[in-house]
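Numbers here are sequence positions counted from 1.
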Amino acid sequence: MARQEAVIVAGVGFRLGTTAEEIEALVRQALVLHGAERLDLLVTEAGKADEPGFQEAGRRLSVDVAACTAADLQSVSDKLLTRSARVLKATGLPSIAEAAALVAAGRNSRLLGPRVAAARATCALAVGDGR
């Protein structure tokens, strides 16, 4: 049986109206910072997945985009490296970027490091089996 290659997922949290340029630049910064040579998926919370900047960032990065439910994000809260008081107050979740990356990376996922933050967005990378 052939071994499945691990997937690398970028989870992003962002404010409404964040541009594709801002999201793309932050994802690329996270990839360099964590030494990731490729990206397989861009993911965020379900309520923002249709935002034009997020959708366009996926196109620019040549990856599919996906969304996670609040319940999915909450299910991995014990595996997060950082927490945001602002995000917790606004959403009831301690992190969007890290949690989304972990959920989408699948079983046995792990963060490559803490999230990277910019003025209007955060990005975290996770690796996992994609299932």
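No chain of hydrophobic side-chain contacts below 4.5 Å, direct or via other Ile, Leu, Val, Met, Phe, Trp or Tyr residues, connects Leu33 to Val27. Neither Val116 nor Val63 shares a network with the other; the hydrophobic side chains, linked directly or stepwise wherever heavy atoms of I, L, V, M, F, W or Y lie under 4.5 Å apart, form separate groups for each. Leu102 and Val127 fall into different hydrophobic clusters, where Ile, Leu, Val, Met, Phe, Trp and Tyr side chains are chained together by heavy-atom contacts under 4.5 Å.
Atoms OG and CG, from Ser62 and Leu39 in turn, are 9.5 Å apart once rounded to the nearest 0.5 Å. Atom OG1 of Thr44 sits about 8.0 Å away from atom CG of Leu73, to the nearest 0.5 Å. Of the inter-residue distances, the one linking Ile23 atom CD1 with Thr122 atom OG1 reads 10.0 Å to the nearest 0.5 angstrom. Note: Leu125 CG to Arg110 CZ = 11.0 Å, rounded to the nearest 0.5 Å.
In terms of modelled atom types and a separation under 3.5 Å, the side chain of Asp40 and the main chain of Ile8 share a donor-acceptor contact. Of the possible polar contacts, one joining the Glu98 side chain to the Leu81 backbone as a donor-acceptor pair under 3.5 Å is found. Checked by atom type and distance alone, the side chain of Asp129 never pairs as donor or acceptor with a backbone atom of Gly106 at under 3.5 Å.
Residues Val65 and Gly58 approach most closely at CG1-CA, 3.7 Å, considering heavy atoms. The shortest non-hydrogen separation linking Gly13 to Ile96 is CA-CG2, 3.9 Å. Taking both residues in full, the closest heavy atoms of Leu26 and Ala117 are given as CD1-C, 4.3 Å, listed atom of the first, atom of the second, then distance. Smallest separation of non-hydrogen atoms from Ala49 and Ala67: CB-CB, 3.5 Å. Cys123 and Ala30 make their closest contact through SG-CB, 3.8 Å (heavy atoms, listed as atom of the first residue, atom of the second, distance). Residues Ala100 and Gly11 come closest through the heavy atom pair CB-CA, 4.2 Å.
With contacts defined as side-chain heavy-atom distances shorter than 4.5 Å, the pair Val103/Val43 does not qualify. Counting heavy atoms from C-beta on, the side chains of Leu61 and Arg28 come closer than 4.5 Å. No side-chain heavy atom of Val7 sits under 4.5 Å from any side-chain heavy atom of Leu41. In this structure, the side chains of Leu16 and Lys48 come closer than 4.5 Å at one or more pairs of heavy atoms. Glu24 has its side chain out of reach of Glu56: every pair of non-hydrogen atoms, C-beta onward, lies at least 4.5 Å apart. In this structure, Val12 and Leu42 have side chains that are in contact, with non-hydrogen atoms separated by less than 4.5 Å.
The only member of Glu22, Glu51, Glu45, Arg120 that meets side-chain contact (heavy atoms from CB on, under 4.5 Å) when paired with Phe14 is Glu51.
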